[in-house]
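Contents: one structure, followed by commentary.
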Amino acid sequence: MEELSQASSHYSLFTSIIPPLGAPNSQRVNKLRCYYVVSPYDYRYRVWQTFLVVLVVYNAWVSPFEFGFLDEPREALSITDNIVNGFFAIDIVLTFFVAYLDKSTYLLVDEPKQIAWKYASSWLLFDVISTIPSELARKISPRSLQTYGLFNMLRLWRLRRVSALFSRLEKDRNFNYFWVRCSKLICVTLFSLHCAACINFFIADHYPNPSRTWVALTIENFKERSIWPCYVASVYWSITTLATVGYGDLHAVNSREMLFCIFYMLFNVGLNSYLIGNMTNMVVQWTNKTRLFRDAIQSATSFAQRNQLPVRLQDQMLSHMSLKFRTNSEGLHQQEALDTLPKAIRSSILDFLFHSLIDQAYLFKGVSNDLLFQLVSEMKAEYFPPNEDVILQNEAPTDFYILVTGAVDLLILKNGSEQVVGQANTGDVVGEIGVLCYKPQLFTVRTKRLSQLLRLNRTTFLSIVQANVGDGTIIINNLLQHLKGQRDPIMERVLLETENMLAQGQLDLPLNLCFAAVRGDVVLMRQLLKRGLDPNESDNNGKTALHIAASKGNEKCVLLLLEFGADPNTRDSEGNVPMWEAILEKHDSVVRILKDNGANISSGDVGQYACVAAEKNDLELLKKIISLGGDVTHPMSNGTSALHVAVCEGNIEIVKVLLEKNADIDQVDENGWSSRELAEQQGHEEIKALFISIEEGKTQPAVSVPEARRVRFLGRFKSEPVISPMSQDDSSSFNEGSGSWGQSRIRRRTDNYSNSLFGIISAASSNAGGDSVSTRYQAATDPNTKNYVARVTISWPEKSDSEGKLVLLPGSFQELLEIGSKKYGSLPAKVLTKDGAEVDSIELIRDGDHLVFSSNGENV
């Protein structure tokens, strides 16, 4: 009936079950089996219990009052008592259907028989007796015990509910612990006063000689007086006795009263100790922080005076300690609170608080979100008072800071005096030059006002960046651009030193060949290649350093990369080869160098290159492709050829060149149009006549365009793109292509992590076997050596190998078959996928595929 999840909106660690670690019956913790059994943690049952506590407070006052001051039932009180008893009778019945927590297993017991036995053997008898009406109890009691209020005292048994309520409130974070404790102490004191007053008056009221009682000393003929003055006198006596002040006007007269006062005073000793102890503890806790702060200030002052520290250092010490006390006293235990949380929660909180700030810092512009998240997770927020030194000039570069709030001055010591050379505000980075270049800090950083800064340790920072090589190069670029933008002699000197260190490979940040190629830095590139970096290392788009160097026309970088074994025919994710990059930028000298070193433009997507030339109406570019051996009549993967593009552009000269190269005028493009149909539909008369003339005098009938394709062409390149309905065939070609003409998408190369921490460890492991750097260079320059970037699983069930072996994917299909021959002793006849489809091209295989060899070609 009731699930613990119903109480989710009122969830608290003290109002719900904490399941045991690894409990196999976790479902039993979260759900009750019997639909009519009530969970003790259901919020509706909690509301019912709170309502009963209010009724208990009523009982706590009325039961002693009726016992001490009433001999006969009063109509109003009697009716109210019975109504209250009725609610507790309902609770007795309800308790038989409330699950309970087993103290040994910490699981809810929802078996009705066990619930009933648990309740019947514990509190049932007391609950039933305290619910019996006073009138009925008076009639069935012996004559000597027929006092009206005596039986009502049994209802004080219900006070256990109030005690449980206070215990729960003390642990509830929604209530202030100090005020809950004070409320509990006040309630205990008032209840004790009330009970003592009622009992003492009961003793005096039932004494044989009323004139020899303590009440008679104050109120004559008190039996004939109203209840109110007697109650006030009783409370007065009770509180003067509890407080041990005793004015002498009220005191015990007879032996019964004296005996009661003895026990009451003994009770007061314990109660006073309880009250004074609790109040003292709370006051001490309240003032303890101030006391510790004053002691710390006194110790720091004595230390400074004893060692004769300068006044400025004394002020910084005391200001820092005062700020720390202030943040703690105001509840700003930020770092303490974060340190107690799991790393995932702590990282999420820091990312929410500081991600936007770090993202806007100049040093991290353009880096990945992954790196930002990792950096933010390791940063620590710190407060600094005004005029406090955060970084000292020439100290070791162990940390750098990002300013969250406030402002700081940058100072240098010159001729024995400090000079302000700059200022940093919110979002600025300080100390980063020393950390990144690993040189003593250039400036003293001193706060101008109360500031909050994020601190990041150098070791932690470098370890994170080592695993994000591409982001490391972005950070270095950002630093260099920042230094170039500073019109300051100090910064110019730092920039020169940094570039020299960069060229010599002395920076601790990970750098890759693409970074060196972008900068055109031959010295840095040589240093990186000597370290053993892969010359075919690519970025996220599959571009290698050779692509970038060819595009920039840097002959020295191209020659250096080729010398160290860079593949001149490697393709990026768009199918471009380095030669094509050089052709586009008209770097003829680089084209010649690549051609002399085995580069072949046909290694790339020549169909795409020809389409680009036709699209640009660049006849020279098209002839350049032809002169380098490219087949410009070859279409792209979606069927679109350069002839289609040239017809749409209406460029008769390019059409003539393509026809001279035997371009097929009847080949259809991705929309099902042939070049002949495009010329007819768009009304290019010269091109139509040219097409007719190449038919060797044969009369060609007018081309009728199918009705399904009668859409208005606006010209693909002169004005707007074609807008036509997409068919199922179109969607497949669209998914296969990318770019303006949907060139086929090749397998994307995986990132190379040779410059990461993992790559360094791997290189160290390989060198442990005795391989020298020169040996690895020779392997890199060997044309037979392939750069395996993908991994596949191969198996041959006919050779009793169904589990398979993990191998690196070679560069050609024949090499894959040779790998199978080496692994299993014979050459496979066919290569199949795990589902039985035959594979006939290396380009169809992806990283992580499972390939099955077969000797007869039958599906496995």
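Computed over heavy atoms, backbone and side chain alike; hydrogens, waters and symmetry mates excluded. Residue numbers start at 1 and run along the sequence shown.
- Applying the salt bridge (charged side-chain N to carboxylate O under 4.0 Å, His left out) test to residues at least two apart or on different chains, the pairs with a partner in residues 622-633 are Asp588-Lys624.
- Not counting sequence neighbours, Phe373 has no partner by the ring pair (Phe, Tyr, Trp, His ring centres under 6.0 Å) test.
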| request: Determine, step by step, whether Glu585 and Lys552 satisfy the salt bridge (charged side-chain N to carboxylate O under 4.0 Å, His left out) criterion, reporting the C-alpha distance in whole Å, the side-chain angles of both residues, the deciding distance to 0.1 Å, and the verdict. | output: CA-CA 8 Å; Glu585 301 299 330; Lys552 291 184 172 292; over 6 Å; no

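- To the nearest 0.5 Å, the span separating CD on Gln374 from CG on Leu372 amounts to 9.5 Å.
- Heavy atoms from other residues, nucleotides or ligands lying under 6.0 Å from NZ of Lys556 number 12 at most.
- Between His482 and Tyr362, the angle of the ring planes stays under 30°, which puts this pair in the parallel group of the 30/60° scheme.
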| Derivation and outcome, side-chain contact (heavy atoms from CB on, under 4.5 Å), residues Asn536 and Leu546 | CA-CA 8 Å; Asn536 293 310; Leu546 190 58; over 6 Å; no

| query | Would Glu581 and Lys543 count as a side-chain contact (heavy atoms from CB on, under 4.5 Å) if you check the C-alpha gap in whole Å, the side-chain angles of each, and the deciding distance to 0.1 Å? | reply | CA-CA 11 Å; Glu581 300 284 354; Lys543 287 187 179 297; 2.8 Å; yes

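- The one candidate from Ile601, Leu622, Ile583 that meets the side-chain contact (heavy atoms from CB on, under 4.5 Å) condition with Tyr609 is Ile601.
- Atom OH of Tyr824 is separated from atom CD of Glu798 by 11.5 Å, given to the nearest 0.5 angstrom.
- Rounded to the nearest 0.5 angstrom, Ile593 CD1 and Met579 CE are separated by 11.0 Å.
- With rounding to the nearest 0.5 Å, the separation of CG in Leu809 from CD1 in Ile842 is 4.0 Å.
- Between the CG atom in Asn597 and the CD atom in Glu563 there is a gap of 10.5 Å [rounded to 0.5 Å].
- Interatomic distance, CG of Asn651 versus NE2 of His684, reported as 10.0 Å (0.5 Å rounding).
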| request: Run the numbers on Arg846 and Asp849 for side-chain contact (heavy atoms from CB on, under 4.5 Å), then give the verdict. | output: CA-CA 6 Å; Arg846 297 293 183 265; Asp849 286 352; 3.7 Å; yes

| request: Applying side-chain contact (heavy atoms from CB on, under 4.5 Å), run through Asp605 and Trp580 and close with a yes or a no. | output: CA-CA 10 Å; Asp605 191 349; Trp580 173 244; over 6 Å; no

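- Shown here is His634, whose NE2 atom has no more than 12 heavy atoms of other residues, nucleotides or ligands within 6.0 Å.
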